[in-house]
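Notes follow the structure.
Just so you know, ligand 1 is whichever comes first in the structure, and atom 1 is the first atom listed for that ligand.
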Amino acid sequence: MKINQNYKNLKASYLFSDIAKKTAAYKAQNPDADIIRLGIGDVTLPLCSAVVDAFHKAADEMGVKESFKGYGPEQGYGFLKDAIKDYYKAEDGVTLEADEIFISDGAKSDLGNILDIFAKDNTVLVPDPVYPVYVDTNIMDGRNIVYMNGTAKNNFLPMPDDSVDADLIYLCSPNNPTGAAYNHEQLKAWVDYATKKGAIILFDAAYESFVISKELVRSIYEIEGARNCAIEFCSFSKIAGFTGTRCGWTVVPMELEADGMSLNKMWLRRQTTKFNGVSYPVQLAAAAVFTPEGRAQIAENLAYYRENAKIITAALDELGIWYTGGVNSPYIWLKCPNGMGSWEFFDLLLTKANVVGTPGAGFGAMGEGFFRLTAFGDRERTREATERIKKLFK
Ligand code: PLP
């Protein structure tokens with residue numbers, strides 16, 4: 001028996017446990033401290049009523065012989081794929097075929113699982129700072145990883161470099177952790193680069209629902225040529241608070257081919273072999289997100305988070321602190337004031353303002369000196385946290 005030696009190359013991730021430990025230690029010494037957490041990437045508003053009603057309906061159907069459902073289609077029920085198709089058409093002007101959409105239990109699983117259809121000797125291009133899943137899933141397979149640096153100078157939106165050869169390219173827009181989002185022109189440059197290199201873009205659109213600026217892109221398929229070089233991952237987690245409910249989707253266009261093989265057919269084969277689909281109640285609940293009532297209700301939730309982001313960015317504007325994100329994203333990525341390091345700033349905020357955020361260094365070397373705040377918190381607590389930050393830095 002031999003283990004997968006690549007697991008020895010994984011760096012232990014202590015980011016969130018270190019944050020929890022430091023926060024708990026401070027609280028133990030200062031039991032009266034009223035700590036506000038603006039660090040989490042999880043949503044806080046409950047499922048909307050259209051979704052809850054669909055869950056009830058599905059549960060009732062499952063309890064009756066005539067409407068009971070056993071195994072469903074591995075790629076997802078037609079009603080949900082059609083609803084997603086209509087969403088793309090209405091929101092992005094993008095036309096998809098139902099067979100190009102694969103329903104899953106979330107974007108994270110698909111982002112990891114998609115690597116099954118790619119060779120292990122591919123070179124992978126990954127932004128830094130980055131959502132750690134892209135890096136670790138490739139380390140597990142032993143792929144060569146090349147980083148593209150996000151900096152304040154490029155507004156944390158790295159652009160293609162012709163001198164770098166890559167086979168798989170990860171783009172996340174709007175980005176976690178930086179909140180930065182690509183516009184049409186920038187993504188066109190990425191599509192052109194991928195086409196020239198014969199590479200595939202793995203486009204993570206988990207935060208697309210936060211995009212409001214017209215010049216920005218929600219789906220990579222808004223870009224000409226993307227159907228020939230890109231796979232898109234999306235999720236109900238952030239659009240509709242499904243982080244605990246679990247549902248997402250992946251789009252693999254029919255045009256994608258390599259070595260005479262259709263990537264769509266390969267992914268279909270992979271999913272039908274290793275995945276038995278998402279439960280019927282979850283899919284019915286997910287489809288309810290796209291009904292007129294569901295759309296109206298999630299719009300209210302998104303507006304709530306957007307307003308939180310506005311409260312945070314207004315405070316940073318007032319203090320003259322540099323940041324990206326916040327407008328088209330629930331994340332605000334700020335430059336630690338006075339040249340402080342990420343953890344130094346974390347300690348200062350924790351001890352002097354009793355506010356917890358996420359040190360940027362935890363997302364990659366280029367995150368050092370930066371800090372992530374999120375708009376997923378409670379309104380009054382977010383307001384209180386920003387008042388404390390303002391008081392501290394004024
Ligand atoms: N992609 C990014 C960039 C994320 O930040 C997250 C979750 O935080 C995910 C994917 C995971 O989404 P899901 O909950 O659908 O697995």
Q) Less than 3.5 Å between some nitrogen or oxygen of Gly106 and one of ligand 1, yes or no? A) no
Q) Any link between Trp333 and Phe346 through a network of hydrophobic side chains (Ile, Leu, Val, Met, Phe, Trp, Tyr) touching at under 4.5 Å? A) yes
Q: May I ask you to check whether over 12 heavy atoms, not counting those of Phe16, lie within 6.0 Å of atom CZ?
A: yes
Q) Are the aromatic ring centres of Phe370 and Phe156 under 6.0 angstrom apart? A) yes
Q. Only one of Phe236, Phe233, Phe102 clears ring-ring contact (aromatic ring centres under 6.0 Å, His included) with Trp249; which?
A. Phe236
Q) Looking only at non-hydrogen atoms, which of Tyr331, Phe242, Tyr170, Tyr207 approaches atom 4 (C) of ligand 1 most closely? A) Tyr207
(Q) Are any of the N/O atoms on Thr243, whether in the backbone or the side chain, positioned under 3.5 angstrom from an N/O atom of ligand 1? (A) no
Q.
List ligand 1 atoms under 4.0 Å from Cys172, heavy atoms only on the residue side.
A. 3 (C)
Q. Does atom CZ of Arg379 have more than 12 heavy-atom neighbours, drawn from other residues, nucleotides or ligands, at distances under 6.0 Å?
A. yes
Q: Around atom 7 (C) of ligand 1, find the nearest protein heavy atom and jot down its residue, atom name and distance.
A: Lys238 NZ, 3.5 Å
Q: Quick one: list whatever passes side-chain contact (heavy atoms from CB on, under 4.5 Å) with Met140, sequence neighbours left out.
A: Tyr7, Leu10
**Q.** ligand 1 atoms in contact with Asp204 (distance to a heavy atom under 4.0 Å)
**A.** 1 (N), 2 (C), 3 (C), 10 (C)
Q: Within a distance under 4.0 Å of any heavy atom of Ser237, pick out the atoms of ligand 1 and give their elements.
A: 13 (P), 14 (O), 15 (O)
Q: Measure Ala206 to ligand 1 on non-hydrogen atoms and call it side chain, backbone, both or neither using the 4.0 Å cut-off.
A: side chain
Q: Kindly confirm or rule out an N or O of Tyr131 lying under 3.5 angstrom from an N or O of ligand 1.
A: no
Q. Centres of the Tyr221 and Tyr88 rings: under 6.0 Å?
A. no
Q.
Among all the protein's non-hydrogen atoms, which is closest to atom 16 (O) of ligand 1, and how far away is it?
A. Arg246 NH2, 2.7 Å
(Q) Just checking Phe393 against Phe345, ring centres under 6.0 Å apart? (A) yes
Q) Any nitrogen or oxygen of Ser109, main chain or side chain, under 3.5 Å from a nitrogen or oxygen of ligand 1? A) no
